[in-house]
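For reference, the structure discussed in these notes is given below.
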Amino acid sequence: MRKIFLSFFLLFAAISTVFAQKLTVESFKLASNDLTAQSQPRKDLNNLNCALVKVGIALDGVKFDGSIMGEPIQKLGEYWVYMPKGVSMLQVLHKNYTPLMVNFYDYGVGKVESGMTYILTLSKPAGSTEPTDAGGNFYALTVTPKNAVVTIDGNPQTVSTDGEYSAMLPYGSHTYKVEAGGYISKSGSFTIISSDMTPINVSLVSAMATVSVTCPTPAVSLYVDKKSVGMAPWTGSLKEGMHLIEAKKKGYRSQQRTINLSQRQRLDVAFAELAAIQGNLSVNYKPFGADVYIDGKKVGQSPRVFNGILVGNHKVEIKKDGYGTDSKTVSILEGQTASLSGVLATHTSSSGNTITIPVKDGISIDMVRVEAGTFTMGATAEMKDPFSDEKPTHGVTLANDYYIGKYEVTQALWKAVMGNNPSNFKGDNLPVEMVSWDNCQEFISKLNRITGKTFRLPTETEWEYAARGGKKSRGYQYSGSNNLSEVAWYKENSGYKTHAVGTKQANELGIHDMSGNVLEWCQDWYGEYNSSSQLNPTGANSGSYRVRRGGCWFDLARYCRSSSRRSFTPGGRDNDLGLRLVLSE
């Protein structure tokens, strides 16, 4: 018990000794020859110069309380404390010492005066010890952009991924530099002290110049330093220095402009209208009066020389009611005249496995014969990354030959039959879109009255069999190729729009665009597959959705495979959805 009491007594004595440490005032006096309060003034609330009390104590972490103006300033071996006129007391605080209240009257000073400097000298008790100082502290720097490179006192810092930098530095002044590609670098300085440091935020300003390019010629492609940047008009950011701007369009003479940019410059580049490079086309077809279409646009009648046609390859069609259609690809050369001549076949014409059926106003339908046969439908081995509704695979037999459209139904054909064009992307030789399954039934009914034929939408089975190439199938993943860009307009190459039908490579049967351009309605109700073999299937008996097949200009490659399936409400319409016709023998 005596040992416990003795231990408690010694502990109490030790604690008392710690908290009994006091700072003492050695002196406090007016420094009449010290003009610091006037040369480095701080104003009070009456806009008068404060008195300055220089507190001499070699101790970090000293705080002050009382009527003081602003934060005290720590100097080497002393603190500067600014006080308004008339104050006569100051409290000195430190975590290792008891608070010290200094009454100026006790030292013959009384109240401090404006603009006067005073010296207050404090001392620590003999034998007192202070915590060991680490000799430095951390700096904290946050930069924007986050990948900026930071140099402290000329030394590169380890690259940060979050834009925040910190490291321990010795007390005193230090410098920093922040740099990033495409930005104006920034330098500065900071001071390391023993107390908390407010993080420094450095945001770099972009050094990139802004360039705007215009050209009055429509659909002009722009290139900067030989790299495509899009279509005119265009606005973008470029680094300072020399750049080559080019305006190009197929069939036109290109223009170039060299520019020299400075940091943060704004520059407008205006190209003149591009000059067309032209040739001519002579068309001499019988019967006279046949309509001539170039790239889907009617330009006149045969016989005639058509002047001022842009150089390059063009699709030329010659049509007349009651006659078949001739379609040719013609290469126009600068300053030269290409020639086409021939005789249109009367009524329905056929060539090999293709027939042409005239409709009206020079519009006709090209159909490809598909021989009857048996195939495996659904997610077969070559169909990579299939969806669940493509399974299970199952054998299907189509017992009868049939004809399917060589091309998707064009806007020209739809207008000839319906008298309107609902499409979002306009162009006679573009596929019609924005048509519902119900709209297609009305179109087919009117088409059958005009032609005396029995057109219809393909069944889902007929569609997939034709897409795979029928009896001529080579087992491709897409309709006609394993290279989707060869046979389809899809997300990666379409420019987010439809294109003229038949401009991509055909499949094994000579059918175009079954893996791209627009999706195509089928006759069937949408339903699940089963593994049973089937003969001439026509889909589910009922349902809420009709089948859509093929890929479209907006699709990723996965959706363009020949086995891919989708559905839509019969009344639904979209700018990526059209149709292809089927005709039974």
Side-chain angles (χ1 to χ4, degrees), residues 291 293 296 298 317 319 321-322 324-325 348 354-368 370 402-460 462-463 466-467 498-502 511-514 517-526 538-539 543 545-550 552-553 566-585:
D291 295 324
Y293 291 77
K298 183 178 177 180
E317 296 173 288
K319 307 177 181 181
D321 287 351
T325 297
T348 299
T354 302
I355 62 172
T356 300
I357 301 171
V359 181
K360 61 183 295 188
D361 300 330
I363 305 296
S364 59
I365 305 172
D366 292 333
M367 307 290 288
V368 175
V370 182
Y402 60 97
Y403 285 93
I404 193 167
K406 183 176 184 178
Y407 310 107
E408 292 165 328
V409 170
T410 64
Q411 294 174 31
L413 175 57
W414 187 277
K415 286 191 295 185
V417 174
M418 301 294 287
N420 60 54
N421 184 7
S423 303
N424 177 64
F425 304 104
K426 302 294 186 184
D428 281 350
N429 213 36
L430 299 180
V432 69
E433 16 89 6
M434 294 299 293
V435 292
S436 68
W437 187 91
D438 296 331
N439 295 150
C440 294
Q441 301 306 312
E442 181 183 358
F443 164 79
I444 290 170
S445 178
K446 290 184 178 182
L447 175 65
N448 290 343
R449 288 198 297 269
I450 294 172
T451 62
K453 303 292 185 181
T454 307
F455 290 101
R456 57 179 174 82
L457 291 177
T459 65
E460 185 175 15
E462 289 172 333
W463 191 98
T498 60
H499 292 261
V501 300
I511 308 170
H512 296 266
D513 297 318
M514 295 196 82
N517 222 1
V518 292
L519 289 158
E520 299 169 14
W521 282 113
C522 290
Q523 185 66 30
D524 310 35
W525 288 110
Y526 177 82
T538 56
Y545 302 95
R546 294 288 182 174
V547 174
R548 298 181 298 169
R549 280 306 203 109
C552 74
W553 57 267
R566 274 174 277 188
S567 62
F568 207 27
T569 57
R573 304 187 305 148
D574 211 337
N575 63 3
D576 61 1
L577 178 57
L579 72 153
R580 185 185 302 268
L581 296 170
V582 157
L583 182 66
S584 298
E585 283 203 315

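Because the structure is a prediction, the values reported are computed rather than measured.
- Residues Ser364 and Pro358 share a closest heavy-atom pair of CB-CA, 3.7 Å.
- The aromatic rings of Phe425 and Trp553 sit perpendicular to each other, their planes meeting at more than 60°, with 30° as the lower class boundary.
- Looking at every heavy atom in both residues, Val435 comes nearest to Cys440 through CG2-SG, 4.1 Å.
- What you find for Thr454 and Leu583 is that their closest heavy atoms are O-CD1, 3.4 Å.
- In this structure the side chain of Lys298 never reaches within 4.5 angstrom of the side chain of Asp428, judged on heavy atoms.
- Under the 6.0 Å distance and 45° angle rule, Arg546 counts as a cation-pi partner of Trp525.
- Rounding to the nearest 0.5 angstrom, the gap separating the NZ atom in Lys415 from the CG atom in Asn420 is 10.0 Å.
- Across every non-hydrogen atom of Glu408 and Asp513, the tightest pair is OE2-O, 3.4 Å.
- In this structure a side-chain-to-backbone donor-acceptor pair under 3.5 Å is missing from Tyr403 to Ile355.
- Taken to the nearest 0.5 Å, the CG atom of Asn424 stands 8.0 Å off from the OG1 atom of Thr498.
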Apply the test side chain to side chain contact (heavy atoms under 4.5 Å, CB included) to residues Gln523 and Thr538: give CA-CA distance (whole Å), side-chain angles for both, the deciding distance (0.1 Å), then the verdict. CA-CA 8 Å; Gln523 185 66 30; Thr538 56; over 6 Å; no
Given the rule in the side chain to side chain contact (heavy atoms under 4.5 Å, CB included) test, do Arg549 and Arg580 qualify, once you have shown the distances and angles that lead to the verdict? CA-CA 10 Å; Arg549 280 306 203 109; Arg580 185 185 302 268; over 6 Å; no
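- For Trp414 and Phe443, the distance between ring centers is under 6.0 angstrom.
- Residues Gln411 and Glu433 form a side-chain contact, since some pair of their non-hydrogen atoms from C-beta on lies under 4.5 Å apart.
- Side chains of Ser423 and Asn421: a donor-acceptor N/O pair is present below 3.5 angstrom, by distance only.
- In this structure a side-chain-to-backbone donor-acceptor pair under 3.5 Å is present from Asp524 to Glu460.
- You'll find the side chain of Leu577 stays beyond 4.5 Å of the side chain of Val518, heavy atoms only.
- Between Met514 and Trp463, some side-chain heavy-atom pair lies under the 4.5 Å cut-off.
- Nearest approach of His499 to Pro431, heavy atoms of both residues: O-CD, 3.2 Å.
- Taking OG1 from Thr451 and NZ from Lys446, the interatomic distance works out to 14.0 Å, rounded to the nearest 0.5 Å.
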Between Val359 and Ile365, is the side chain to side chain contact (heavy atoms under 4.5 Å, CB included) condition met? List the steps. CA-CA 7 Å; Val359 181; Ile365 305 172; 3.7 Å; yes
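- Thr325 OG1 to Ile363 CD1: the interatomic distance, rounded to the nearest 0.5 Å, is 7.5 Å.
- Between Tyr545 and Ser567, the closest heavy-atom pair is CB-CB, 3.7 Å.
- Counting only heavy atoms from C-beta outward, the side chains of Asn429 and Glu317 approach each other to under 4.5 Å.
- To the nearest 0.5 Å, atoms CZ (Phe568) and CG (Leu519) are separated by 9.5 Å.
- With Asp366 contributing its side chain and Thr356 its backbone, the two residues share no donor-acceptor pair below 3.5 Å.
- With sequence neighbours excluded, no residue satisfies ring-ring contact (aromatic ring centres under 6.0 Å, His included) with Tyr293.
- Atoms NZ and CD1, from Lys406 and Ile511 in turn, are 10.0 Å apart once rounded to the nearest 0.5 Å.
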Side chain to side chain contact (heavy atoms under 4.5 Å, CB included) between Gln441 and Leu457, worked out: CA-CA 8 Å; Gln441 301 306 312; Leu457 291 177; 3.3 Å; yes
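- Counting heavy atoms from C-beta outward, Glu462 and Arg456 have side chains that approach closer than 4.5 Å.
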